[in-house]
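These numbers were taken from a predicted model, which means no experiment stands behind them. Just the heavy atoms: all of them, side chains too, but no hydrogens, waters or symmetry mates, feed the values below.
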Amino acid sequence: MKMHPNELFFYYTPEHSIDKKARAYARSVSRYVNEINIEKEKITTTGWRTILDKLDLRAKDLLNRAHPDYQTHIAGKTWDDESWLQILVRYPHLIKAPIAIKREKAVLCLKPNDILKLN
């Protein structure tokens, strides 16, 4: 698949307000935005590993620890790296903010305008 050099990949959950705002910023950063709804489009462990490498973060750094599902299913247990990747696959709605990737740069958009760091 041929990609445009300015293509921006935007991983988000449409129900989250920060994701909606960051999505608008994404369109100002690039005319070619590939939107990936992480609740509908399953991302494999390999895909998550690639995203995490670009972000230079660990899987658990992406998760919203205050979410009730995190507290019920994840908190208080010991997980290895592969298990954390499986958690991302199984509970993508726990990701605390949208992720934007353009070329080799990636950013976790804790604030909507964090996406501007890609330019």
Novice: State whether the number of non-hydrogen atoms from other residues, nucleotides or ligands found under 6.0 Å of Lys21 atom NZ is greater than 12.
Specialist: no
Novice: Quick one, Leu8 with Tyr32, criterion side chain to side chain contact (heavy atoms under 4.5 Å, CB included). Give me CA distance, side-chain angles, the key distance, then yes/no.
Specialist: CA-CA 6 Å; Leu8 184 145; Tyr32 307 97; over 6 Å; no
Novice: We want to know whether Ser83 and Asp80 form a side-chain donor-acceptor pair, criterion being a heavy-atom distance below 3.5 angstrom.
Specialist: yes
Novice: Is the closest side-chain heavy-atom distance between Leu52 and Leu62 below 4.5 Å?
Specialist: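 A side-chain contact under 4.5 Å exists here.
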Novice: Applying salt bridge (Lys or Arg N to Asp or Glu O under 4.0 Å), can you list everything that pairs with Arg49, at least two apart in sequence or on another chain?
Specialist: Glu82
Novice: Under the criterion side chain to side chain contact (heavy atoms under 4.5 Å, CB included), I'd like the reasoning laid out for Asp53 against Trp48: C-alpha separation, chi angles, the key distance, then a yes or no.
Specialist: CA-CA 8 Å; Asp53 287 346; Trp48 281 117; over 6 Å; no
Novice: Within the 4.5 Å heavy-atom criterion, are Tyr11 and Ile51 side-chain neighbours or not?
Specialist: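 SC-SC contact between Tyr11 and Ile51 confirmed.
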Novice: Donor-acceptor check, side chain of Asp19 to backbone of Pro14, threshold 3.5 angstrom: yes or no?
Specialist: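 Side chain of Asp19 to backbone of Pro14: no pair is present.
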Novice: Give the intermediate values and the outcome of salt bridge (charged side-chain N to carboxylate O under 4.0 Å, His left out) for residues Glu7 and Lys102.
Specialist: CA-CA 6 Å; Glu7 186 171 13; Lys102 186 176 179 186; over 6 Å; no
Novice: Excluding sequence neighbours, so at least two apart, what forms side chain to side chain contact (heavy atoms under 4.5 Å, CB included) with Lys117?
Specialist: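 Lys117 satisfies side chain to side chain contact (heavy atoms under 4.5 Å, CB included) with Val107, Asp114 only.
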Novice: Does the side chain to side chain contact (heavy atoms under 4.5 Å, CB included) test come out yes or no for Arg23 and Glu35, once each step is laid out?
Specialist: CA-CA 8 Å; Arg23 192 170 157 209; Glu35 297 178 1; 3.0 Å; yes
Novice: Can you tell if the side chain of Ile43 reaches within under 4.5 Å of the side chain of Val89, non-hydrogen atoms only?
Specialist: no
Novice: Do side-chain atoms of Gln71 reach the backbone of Arg65 as a donor and acceptor pair under 3.5 angstrom?
Specialist: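 Flag set: sc Gln71 to bb Arg65 pair under 3.5 Å.
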Novice: Mark yes or no for whether Thr44, through its side chain, and Gly47, through its backbone, hold a donor-acceptor pair below 3.5 Å.
Specialist: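 Yes, the answer is positive, given that a donor and an acceptor are paired below the 3.5 Å cut-off.
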Novice: Are Thr13 and Ile95 close enough that some pair of their side-chain heavy atoms sits under 4.5 Å apart?
Specialist: no
Novice: Can a donor-acceptor pair be found, under 3.5 Å and without considering hydrogens, that links the side chain of Ser30 to the backbone of Ala26?
Specialist: no
Novice: Taking Ile36 as the fixed residue, which of Tyr12, Phe9, Phe10 is the one that meets the side-chain contact (heavy atoms from CB on, under 4.5 Å) rule?
Specialist: Phe9
Novice: Within this structure, what is the CG-OG distance for the pair Asn119 and Ser28, rounded to the nearest 0.5 Å?
Specialist: 7.5 Å
Novice: Distance-only, no hydrogens or angles: does the Lys77 side chain make a donor-acceptor pair with backbone N or O of His73 under 3.5 Å?
Specialist: yes
Novice: For Lys20 and Glu15, what are the C-alpha separation, side-chain angles and deciding distance, and is it a side chain to side chain contact (heavy atoms under 4.5 Å, CB included)?
Specialist: CA-CA 8 Å; Lys20 291 176 187 175; Glu15 293 80 36; 5.9 Å; no
Novice: Enter the distance from Ile74:CD1 to Leu94:CG here, rounded to the nearest 0.5 Å.
Specialist: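 So the gap between those two atoms works out to 5.0 Å.
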Novice: Which residues satisfy the salt bridge (Lys or Arg N to Asp or Glu O under 4.0 Å) test with Asp61, sequence neighbours excluded?
Specialist: Arg58
Novice: Are any non-hydrogen side-chain atoms of Leu63 and Trp84 less than 4.5 angstrom apart?
Specialist: yes
Novice: Is there a side-chain contact between Leu108 and Lys96 in this structure, where contact means two heavy atoms from C-beta onward sitting under 4.5 Å apart?
Specialist: yes
Novice: Do the ring centers of His67 and His93 come within less than 6.0 Å of each other?
Specialist: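 Yes, the ring centres sit under 6.0 Å apart.
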